[in-house]
Amino acid sequence: MNAFDTLLPRPVSARSTGGTCRVTDPAALTDASTVVIDPVALPHPESYRLSITPQGVQATAGDAAGAAHAARTLRQLLGPDAFRAADIHTGEWTLPCGEVVDHPRFPWRGVLLDVARTFQPKAAVLRFIDLMAAHKLNVLHLHLTDDQGWRIEVPAYPRLTEVGAWRKGSWTGRQPDGDLTHDGRPHGGFYTTADLREIVAYARARHITVVPEVDVPGHSQAAIAAYPELGASGAPVEVWHAWGVSEHVLAPTDHVIDFYTAVLDHVLDVFDAPVVCLGGDEVPTKQWQEHHADRVAELGLDSVDAVPGWFLRTLGRHLAAHGRRTLGWDDVMDAGDLPPGVIVASWRGEEAGRAAALAGHDVVMCPEQHVYLDHRQSERPDEPIPVGYVRTVEDVYAYDPIPDGLPEDAHHRVLGAQAQIWTEHLDGPRRVDYAAFPRLAAFAEVVWTPPERRDPAGFVERLAAHHLPRLDALGVEYRPLSGPLPWQTRPGVPGRQR
Ligand code: TNX
C-alpha cells in the first residue's frame, strides 16, 4: 500500500508517481497560508490539489477551507510523527511523490458534542476541534442546554449558570426506573462569554462552524431550576441528576418567549453560525394539559401537541429576522406544520429525513441507528457504555447519508450527516475519546469520500495500520479494534494492542 492509499478520509483521486521529495520546513508545509488560492481552476467548494515531485510541492486550493484541507493531507503524507506537535519542527522529513485532487461530498460534516450532560472544559473543546479538523469535519454542534445542565453564561440571567450549571450527582446506570439515586459526586461548569468567543474563533480559524443548541420547550429542567417561573407546572425543581426525558417543560407564555428571545440575542451575538438549533425533541405534553389548556386555546392551537411547533415558529421568526436559520430535531415534524426554511435533523431513523427532503426542507442526517457514537461498541461484558445498539466502526463506515429511496432530484436537500456524542455515560474528555474514535474516523469518510471511492473491505485494515498510529501520536485514547481496553493495560502504553 503506498502512502496515498493511507489517506483518511480517502480523497476523490490520489495516485503515487514514485520517488520522494525532501522537506526542509515541515511546519511551513503544513501551514494553510502557504497554499495558493485559485478559485477558477478549482471551483468546487473546499477543493484542493497537490502535486508532489522530487523538486517540490505545489499546493493549490479553491478557497481558504480547501487550503486547510491541503495542509491536513500533507501532514498525513509526512507520516504519523507529524501529528506530534513538538516533532514537526525538527529532523528530516520526506514526502512521497504523487498527485491528489480532492473535495468533500457534503457541505455539512458534523459532530454533536453534548456538553450539557457532561461538561467538557474549554481546553477539551479546543482539542476536540483540532481532532475534527484533522478529519476534515466542519460543523461542531454544541448541545449547550438540557435537563442536567445549562452551560452558556447569559449576562441578563445569571441564575442560569449560578444554579442551572450545577447538579448534585449523576445517575450511573441505564435509564432511571423511578429510583433516583445518583453517584453523589457534584458535577457542573459553564462557558463564559469570553470562553465561547474563543471557541468560536478557534473553530473558525480551522474552517469549522460552531452551531449552538438551546433546546426548547423540553430538555429544559436546568433552566427551570434556575428560574421556576419558566416551568409549565410552576413548581420548584432541581437540576436533574437522572437521564431520560424529564416531564418538566417550558410554559407556553409570553414571559417565556421574552426570556428565550433575550437568551437567543446573546447566542446570536456570540455565535456566527448561519444556523441555530432550537432542539424540539422529546417533549412530554402532560404539564400543558394540566396547567395550560386555556392558554393553548387562546393561542388558537388545536391541542397541546401543537405547542412545540408554536415555540419553534415564534423563536424561529426571531432567528430569521436576524438572518439565521433554525435547525430542529425531527420531532418538530410530528405536528405537520413545519415552517419553511427549517432544517431537520433526522435522528429517529431515515424516514423523517426523506419526508422532510421531499417536502422541500434541507436535512442533516443523524440517524441513531447508524451515527450515535454514545452507543456501545461491542457486546463484551467489559464494554463500559450501558446503552444503545452495538455500533461498530464497520457499522458506521457502512452508513450512507442519502436516505434509501430518496429521488435523485431531492438529493441536494441532504446537506450532509452528523455524528452524535451524547455524554450521559461519558464522564469526561477521556471517555469522549473512547466513544468517538475510531468511529469518527469512519464517519469522516462517510461524509467526505464519494461512494465509488469508499472501501468497506479495506477500511479497517487501513485504519489499523495507518490511521490509529496518527491517533496515537495525537494522544487520542480511542477504543482499540481488539484486545484489552485502554484502562485494562495502563500504564503499559508501549506495545498496547490495537
Ligand atoms: C436521544 S437525540 C436524545 C438525547 C439523548 C440520546 C441518547 C435527541 C434529539 N434526543 O437527548 O442524549 O437519545 O442516545
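Along the sequence shown, residues carry numbers from 1. For clarity, every value in this text was computed on a predicted model and none was experimentally measured. Counting convention: from 1, in listed order, for ligands and their atoms alike.
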Report task. Consider only side-chain N and O atoms of His135 and His467, and report whether a donor and an acceptor are under 3.5 Å apart. Result -> yes
For ligand 1, output the ligand-protein N/O contacts shorter than 3.5 angstrom; if there are none, return none.
| from | atom 1 | to | atom 2 | distance (Å) |
| --- | --- | --- | --- | --- |
| ligand 1 | 10 (N) | Asp281 | OD2 | 3.0 |
| ligand 1 | 10 (N) | Glu282 | OE1 | 3.4 |
| ligand 1 | 11 (O) | Arg117 | NH2 | 2.9 |
| ligand 1 | 12 (O) | Arg117 | NH1 | 2.9 |
| ligand 1 | 12 (O) | Glu424 | OE1 | 3.4 |
| ligand 1 | 12 (O) | Glu424 | OE2 | 2.6 |
| ligand 1 | 14 (O) | Asp374 | OD2 | 2.7 |

Which donor-acceptor pairs under 3.5 Å do the side chains of residues 396-403 make with protein atoms, sequence neighbours left out?
| from | atom 1 | to | atom 2 | distance (Å) |
| --- | --- | --- | --- | --- |
| Tyr397 | OH | Glu445 | OE2 | 2.7 |
| Tyr397 | OH | Asp455 | N | 2.9 |
| Tyr397 | OH | Asp455 | OD1 | 3.3 |
| Asp400 | OD1 | Arg105 | NH2 | 3.4 |
| Asp400 | OD1 | Ile402 | N | 3.0 |
| Asp400 | OD2 | Arg105 | NH1 | 3.0 |
| Asp400 | OD2 | Arg105 | NH2 | 3.4 |

Report summary line: In short, salt bridge (Lys or Arg N to Asp or Glu O under 4.0 Å) pairs touching residues 268-283 with sequence neighbours left out are Arg197-Asp269, Arg204-Asp272
Report task. Fit a plane to each ring of Trp329 and His141, take the angle between them on a 0 to 90° scale, and name the class: parallel (under 30°), tilted (30 to 60°) or perpendicular (over 60°). Result -> parallel
Donor-acceptor contacts under 3.5 Å from residues 306-314 side chains, at least two apart:
| from | atom 1 | to | atom 2 | distance (Å) |
| --- | --- | --- | --- | --- |
| Arg313 | NH1 | Asp337 | OD2 | 3.0 |
| Thr314 | OG1 | Trp310 | O | 2.6 |

Requested in this report: Considering only NZ, NE, NH1 and NH2 on the basic side and carboxylate oxygens on the acidic side, decide whether Glu238 and Lys168 come within less than 4.0 Å.
Outcome: yes
